[in-house]
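Take a look at the structure below.
We count ligands from 1, going down the list as the structure has it; atoms in each ligand are counted the same way.
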Amino acid sequence: MTDNTTSSTDTDTGTGADSTAPADTTDKVQDTGTDKAQAPAAADRTAEDGQPIVQLRAAGKAYGNVRALHGVDLAVHPGQVTCVLGDNGAGKSTLIKIISGLHQHTEGAFLIDGEAVRLNTPREALDRGIATVYQDLATVPLMPVWRNFFLGSEMTKGPWPVRRLDIAAMKETADTELRAMGIVLDDLDQPIGTLSGGQRQSVAIARAVYFGARVLILDEPTAALGVKQSGVVLKYIAAARDRGLGVIFITHNPHHAYMVGDHFSVLRLGTMELSASRADVTLEELTNHMAGGAELAALKHELAQVRGVDVDELPEEQDLKAPLAASEGKS
Ligand SMILES: Nc1ncnc2c1ncn2[C@@H]1O[C@H](COP(=O)(O)OP(=O)(O)OP(=O)(O)O)[C@@H](O)[C@H]1O
């Protein structure tokens with residue numbers, strides 16, 4: 001899902017980090033880039049009167065002849081978690097690429113704060129307060145936690161030309177910000193590579209919050225994690241929501257979605273199969289949407305790519321359910 005064209009701002013690591021940093025910065029926590037001094041806190045900027053920060057209206061995207069997304073409606077409100085679920089090929093990546101400025105929609109409308117927009121770069125999205133944390137974070141593993149927290153947006157002190165990194169301020173700020181999110185680490189000087197996957201995701205979330213994100217897009221943050229670590233990440237998703245951010249949580253796991261979600265949008269082969277608020281859908285229904293129709297459709301989609309397989313001959317969703325219903329009737 002990670003797009004290789006994303007990169008963050010230039011990073012003046014000053015500590016030989018280039019040798020440890022990935023050559024491209026694709027999987028790095030996307031740099032929120034804004035100067036903290038100029039970036040009002042999320043909570044200050046989210047006191048809108050019910051207007052979504054980000055909205056898609058009948059939006060879609062075609063890659064040449066391939067229609068990856070069609071007629072999608074989505075609203076992201078401050079202080080709410082909008083979950084986007086879907087199996088492989090459902091269009092989740094395409095959706096977040098539109099919102100994060102990597103791709104442009106080819107149909108419908110994309111609005112930020114009620115204004116129709118067409119973003120050309122991830123930087124434009126960041127300037128609008130939309131930050132994306134990709135699944136495989138490109139932190140610099142051997143660098144301390146605090147250093148990764150500020151990667152690409154380092155604090156400095158002193159006048160030019162003797163300006164230098166303000167290490168004490170960065171350490172203190174990182175400590176304060178992580179604690180504010182409820183993230184307690186033993187030692188901020190420890191290399192970030194020694195943290196668990198869940199902790200690294202959490203640091204990425206805290207970082208985006210600090211740099212003034214209003215909307216946080218999380219691209220399958222729990223996909224590669226075990227149960228305990230997933231719980232850690234879900235906790236910080238809730239913390240970001242409680243700080244007033246609008247969160248777009250991409251996942252294929254309905255259980256994870258239901259733990260924190262306020263609204264659920266299920267994509268299926270590029271269209272919105274279900275859009276329901278928490279009050280209108282149960283975990284069981286959500287799971288059925290994912291495990292039943294969506295999975296079968298995705299399997300058919302994949303098989304359709306294989307020569308010689310006639311997908312019309314494959315069973316439909318109701319065909320698969322029939323025996324179960326019959327056996328239930330007998331018992
Ligand atoms: N650059 C592209 N060019 C052509 N087709 C594309 C491109 N990107 C995606 N697609 C197609 O668009 C559809 C949706 O893909 P997308 O990557 O958005 O789905 P996804 O839900 O993110 O899937 P996954 O979880 O496997 O990444 C798929 O059929 C895919 O093959």
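Each of the atoms 19 (O), 20 (P), 21 (O) of ligand 1 lies under 4.0 Å from some heavy atom of A90. Close approach of ligand 1 to D87 (heavy-atom distance below 4.0 Å) involves ligand atoms 21 (O).
For the pair G91 and ligand 1, the shortest N or O to N or O distance falls below 3.5 Å.
By heavy-atom distance, the residue among N88, I250, N65 lying nearest atom 26 (O) of ligand 1 is N88.
Within the 3.5 Å criterion, the main-chain N or O of E115 finds no donor-acceptor partner in the side chain of D113.
The pair E177-R207 does not meet the salt-bridge criterion, since no charged nitrogen lies less than 4.0 angstrom from a carboxylate oxygen. For D127 and R123, the salt-bridge test passes: some basic side-chain N is under 4.0 Å from an acidic carboxylate O.
Relative to the ring axis of Y258, R278 places its NZ or CZ within 45° and under 6.0 Å from the centre.
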